[in-house]
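Worksheet: one structure, shown below.
Everything numeric in this text was worked out from a predicted model, so none of it was measured. Chain letters run A, B, ... following the sequence lines, proteins first and then strands; every chain starts at 1.
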There are 2 protein chains.
Amino acid sequence: MNTDTLYTHICSYVQISRDEFELFFNLFKTVHLKKGDFHYIAGKVPKYWSFTVKGCLREYWIDTEGNEKIFQFYEENAWVGQIQSMVTQKPTDMNLQALEDCELLCITGDDMCNAVKTPWIQNFTMHKSFSDNASIMENSNRIKSASPEELYLEILKERPSLLLRVPQHYIANFLGIRKETLSRVRRRVAHL
Amino acid sequence: MNTDTLYTHICSYVQISRDEFELFFNLFKTVHLKKGDFHYIAGKVPKYWSFTVKGCLREYWIDTEGNEKIFQFYEENAWVGQIQSMVTQKPTDMNLQALEDCELLCITGDDMCNAVKTPWIQNFTMHKSFSDNASIMENSNRIKSASPEELYLEILKERPSLLLRVPQHYIANFLGIRKETLSRVRRRVAHL
DNA sequence: ATGATTTGTTGATCCAAGTCAACGACATTC
DNA sequence: GAATGTCGTTGACTTGGATCAACAAATCAT
């Protein structure tokens, strides 16, 4: 596995030397998931905080009526994990499932809790958390205000790769619309 | 102003002594807002990160069609501010407006950036950011899945005080429904 | 290959919420 | 206290997306 990707990724948040990075990197282990496997499930505290090296995953929860609701998709170079749950030791209500065979770099909750004592790691974590925050907010806003067609055009523009690798009914679920509706929206959009 | 509230609030995230707190507290200044005043507006970088001592505020953005969309209400003991915007110096797209006369404790972006060099403050900020994250996620999930009636019952249960101090059409806006719909939902719920 | 399962499309119908409009109850201002 | 503005309610009508159902196409398992 090429460590450059993760190093570059972290450097986009904080300036660190290769040596500092290596110390942190040594805490990670590689985990392989088969398509359909779960990395964590609702009702438990996730073991790891993980960086997606290869593959695609969906994170979803089950609503009060028992329906799956997809919260997010993750592709290469995305971090996955329920930090809040790991820190507080309260079970998460999210499930993370591989949509393809995946390769993840994983660090345990305990190791991470120790690692954040290192100033640059705490700094990285904090800044990453700020930016996650901002993007969840944006996403939440978008979904609140947009029509199905706007949502589809948005995802088509922002995350075109998703549409190529994720089954359409999952996309529809993520956008909060029915698969039939997405199908019709796609037809309409294609005819423009 | 009684400093106990803020001290207690911070202690719910990190254990610190009164003296450590006082050092941090000295960086804050009190700001009074009149009903209708803006604390920050879209297109600029907010000056402050602020703790609500007294009053109620709404945070909203303007969507592509020019409609106000309320993202959140803040009451006593809530933190308000666009940290990500202050850290990156990119303008926010949120507006924060006082719905009543308000009293806020404010710290400037610069002072905050310095303050996070203090370990406990960085730690506090990080943990707070984690928990914000979790609650934004939860809120986003709820709105994505619930019917108007469920949304209303939820807010009635979780934040009853809001319904007493915030005009109903703002509540409707926040829930992503029309004021007429909220009015009908309320009547229906009341008749049960 | 063959049958089973998953995935995506299309049509018909229904309904919850949006839209438009009118009105009454208050508050605020001059 | 008349005038103006804000706020909430109600009614009539419209509509976008959900729902139900059938089917076609692609994928998977054995």
How close or far is atom [atom2] of [N] from atom [atom1] of [X], stated in whole angstroms?
{"X": "A:L151", "N": "D:dG16", "atom1": "CG", "atom2": "C1'", "answer": "14 Å"}
{"X": "B:E180", "N": "C:dA22", "atom1": "CD", "atom2": "C1'", "answer": "12 Å"}
{"X": "A:K179", "N": "D:dC23", "atom1": "NZ", "atom2": "C1'", "answer": "12 Å"}
{"X": "A:K34", "N": "D:dC28", "atom1": "NZ", "atom2": "P", "answer": "13 Å"}
{"X": "A:I171", "N": "C:dT7", "atom1": "CD1", "atom2": "C1'", "answer": "13 Å"}
{"X": "B:R187", "N": "D:dG8", "atom1": "CZ", "atom2": "C1'", "answer": "12 Å"}
{"X": "B:R188", "N": "C:dC15", "atom1": "CZ", "atom2": "C1'", "answer": "12 Å"}
{"X": "A:K35", "N": "D:dT27", "atom1": "NZ", "atom2": "C1'", "answer": "8 Å"}

Taking the minimum atom-to-atom distance to the side chain of B:R178, which one of C:dT19, D:dT9, C:dT9 wins?
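It is C:dT19.
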From C-beta outward on A:S147, which listed nucleotide comes closest to its side chain: D:dA21, D:dA18, D:dG17?
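Out of D:dA21, D:dA18, D:dG17, the nucleotide with an atom closest to A:S147's side chain is D:dG17.
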Look at the side chain of A:R184 and the base of C:dG11, then say whether one donor and one acceptor between them are separated by less than 3.5 Å.
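Yes.
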Parallel under 30°, tilted from 30 to 60°, perpendicular over 60°: which one fits the rings of A:W79 and A:H9?
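Answer is tilted, since the angle falls between 30° and 60°.
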Does the plane of the ring in B:F28 sit parallel, tilted or perpendicular to the ring in B:F24? Use 30° and 60° as the thresholds.
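Because their plane-to-plane angle is over 60°, the rings of B:F28 and B:F24 count as perpendicular.
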Is the phosphate of [N] approached by [X] (side-chain N or O, under 4.0 Å from OP1 or OP2)?
{"X": "B:Q168", "N": "D:dT6", "result": "no"}
{"X": "A:T181", "N": "D:dA18", "result": "yes"}
{"X": "B:H169", "N": "D:dT6", "result": "no"}

Residue whose nearest DNA chain D nucleotide is more 5′ - B:P167 or A:V185
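The answer here is B:P167.
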What does A:I177 touch in the nucleic acid at a heavy-atom separation under 4.0 angstrom: a base, only the sugar-phosphate, or nothing?
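Sugar-phosphate contact only.
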Is there side-chain contact between B:F51 and B:C106, with at least one heavy-atom pair below 4.5 Å?
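No, side chains not in contact.
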If the test is salt bridge (charged side-chain N to carboxylate O under 4.0 Å, His left out), which one of A:E158, A:E150, A:E154 qualifies with A:R142?
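Among A:E158, A:E150, A:E154, the one that satisfies the salt bridge (charged side-chain N to carboxylate O under 4.0 Å, His left out) with A:R142 is A:E154.
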Pick one: which of B:R165, B:K34, B:K35 meets side chain to side chain donor-acceptor pair (under 3.5 Å) with B:E100?
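Only one option passes, and that is B:R165.
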